[in-house]
Amino acid sequence: QVQLVESGGGSVQAGGSLRLSCAVSRSPSRYTNYCMAWFRQAPGKAREGIAALDIGGITAYSDSVKGRFSISQDSARNTLYLEMNGLKPEDTAMYYCAYRWGGWRPPPLAETEYAYWGQGAQVTVSS
């Protein structure tokens with residue numbers, strides 16, 4: 001099974017930067033094929049996949065964040081990151097990390113492809 005815990009959320013001004021982290025605990029092995037992703041959901045809106053990464057570091061991004069956000073993982077593959085730059089008020093949302101066993105190229109941004117989810121971290125961007 002997989003347990004995910006997000007951290008690093010908070011409030012920033014428009015144009016600022018923020019980095020989210022997701023601690024990953026896996027069973028039975030952390031080195032079998034997988035994909036991880038970041039999703040976000042604003043009040044009254046559908047959950048949106050914004051960035052995804054596979055075990056080898058191949059990435060995919062939604063058009064809404066491409067060029068501003070960057071997804072990565074640490075060398076031990078225990079932590080997933082989302083570096084957010086040039087933040088806009090419309091980026092305000094709850095941000096969730098997600099995990100799936102099995103590789104997929106490019107890594108998917110579809111909610112239905114992910115079986116494990118964190119509890120979320122609030123990001124608020126003021127104008």
Side-chain angles (χ1 to χ4, degrees):
Q1 302 301 307
V2 179
Q3 185 174 357
L4 307 170
V5 181
E6 299 97 338
S7 62
S11 299
V12 297
Q13 293 184 333
S17 299
L18 196 65
R19 187 175 75 166
L20 301 180
S21 299
C22 176
V24 183
S25 298
R26 305 175 178 85
S27 180
S29 173
R30 66 179 181 177
Y31 295 121
T32 55
N33 288 344
Y34 64 83
C35 295
M36 294 187 286
W38 288 98
F39 290 76
R40 66 185 182 185
Q41 187 167 25
K45 297 183 179 180
R47 187 171 296 183
E48 175 191 18
I50 58 172
L53 169 148
D54 76 359
I55 190 172
I58 295 176
T59 59
Y61 297 94
S62 69
D63 289 340
S64 62
V65 307
K66 191 176 300 181
R68 298 190 298 123
F69 292 8
S70 179
I71 188 172
S72 62
Q73 63 185 336
D74 69 337
S75 60
R77 297 174 178 170
N78 290 327
T79 308
L80 179 72
Y81 300 102
L82 183 68
E83 183 71 37
M84 302 182 290
N85 301 301
L87 284 163
K88 305 174 181 179
E90 57 259 43
D91 294 320
T92 296
M94 285 289 293
Y95 284 72
Y96 302 88
C97 61
Y99 188 100
R100 60 166 281 125
W101 290 110
W104 194 272
R105 293 188 176 184
L109 292 170
E111 180 181 4
T112 55
E113 294 294 333
Y114 293 88
Y116 301 95
W117 296 84
Q119 290 297 304
Q122 178 67 41
V123 173
T124 302
V125 184
S126 62
S127 60

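Basis for what follows: all heavy atoms, side chains included, without hydrogens, waters or symmetry-related copies.
- Between Pro107 and Thr59 there is no side-chain heavy-atom pair separated by less than 4.5 Å.
- Open room surrounds CD on Gln13; 12 or fewer heavy atoms of other groups in view lie less than 6.0 Å from it.
- Side-chain contact between Phe69 and Asp91: present, with at least one pair of heavy atoms (C-beta onward) separated by less than 4.5 Å.
- Between Asp54 and Arg105, the shortest heavy-atom distance links the atoms OD2-NE, 3.2 Å.
- Judged as a ring pair (Phe, Tyr, Trp, His ring centres under 6.0 Å), and not counting sequence neighbours, Tyr96 has no contacts.
- For Tyr114, the ring pair (Phe, Tyr, Trp, His ring centres under 6.0 Å) criterion is met by Phe39, not counting sequence neighbours.
- For the pair Asp74 (side chain) and Thr79 (backbone), a donor-acceptor distance under 3.5 Å is present.
- Checked against side-chain contact (heavy atoms from CB on, under 4.5 Å), Ser72 has the following partners two or more places apart in sequence or in another chain: Tyr81.
- Every disulfide bond (SG atoms under 2.5 Å apart) that Cys22 has, sequence neighbours left out, goes to Cys97.
- In this structure, CE in Met84 is found 8.0 Å from CH2 in Trp38, a value given to the nearest 0.5 Å.
- In this structure, Arg100 fails the cation-pi test against Tyr34, since its NZ or CZ atom is not both closer than 6.0 Å to the six-membered ring centre and inside 45 degrees of the ring normal.
- In this structure, Trp104 is not a member of the same hydrophobic cluster as Trp101, with clusters built from ILVMFWY side-chain heavy atoms closer than 4.5 Å.
- The two residues Tyr116 and Leu4 make their nearest non-hydrogen contact at O-CD1, 3.5 Å.
- Annotation for Ser127 and Pro89: closest pair CB-CG, 4.0 Å, computed over non-hydrogen atoms.
- Clustering ILVMFWY residues whenever any of their side-chain heavy atoms sit less than 4.5 angstrom apart, transitively, puts Val65 in a cluster other than the one holding Met94.
- Formation of a donor-acceptor pair under 3.5 Å by the Tyr95 side chain with backbone atoms of Glu6 is not found in this model.
- Under the 4.5 Å side-chain contact rule for hydrophobic residues, Leu20 and Ile50 share a cluster.
- Between the CG atom in Leu80 and the OG atom in Ser21 there is a gap of 8.5 Å [rounded to 0.5 Å].
- Of all heavy-atom pairs between Ala52 and Pro108, the closest is CB-O, 3.4 Å.
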Glu111/Trp117 under side chain to side chain contact (heavy atoms under 4.5 Å, CB included): CA gap, chis, key distance, verdict
CA-CA 10 Å; Glu111 180 181 4; Trp117 296 84; 3.7 Å; yes
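- When side chains are defined from C-beta on, Val24 does not count as touching Gln3, because their heavy atoms never get closer than 4.5 Å.
- The side-chain contact (heavy atoms from CB on, under 4.5 Å) check on Val12 picks up Leu18, Leu87, Val125, with sequence neighbours excluded.
- Remark: Leu53 CG to Ile71 CD1 distance equals 5.0 Å, nearest 0.5 Å.
- Screening residues 41-53 for side chain to side chain donor-acceptor pair (under 3.5 Å) gives Arg40-Glu48, Glu48-Ser64 as the qualifying pairs, with residues at least two apart or on separate chains.
- At least one side-chain heavy atom of Arg26 sits less than 4.5 Å from a side-chain heavy atom of Asn78.
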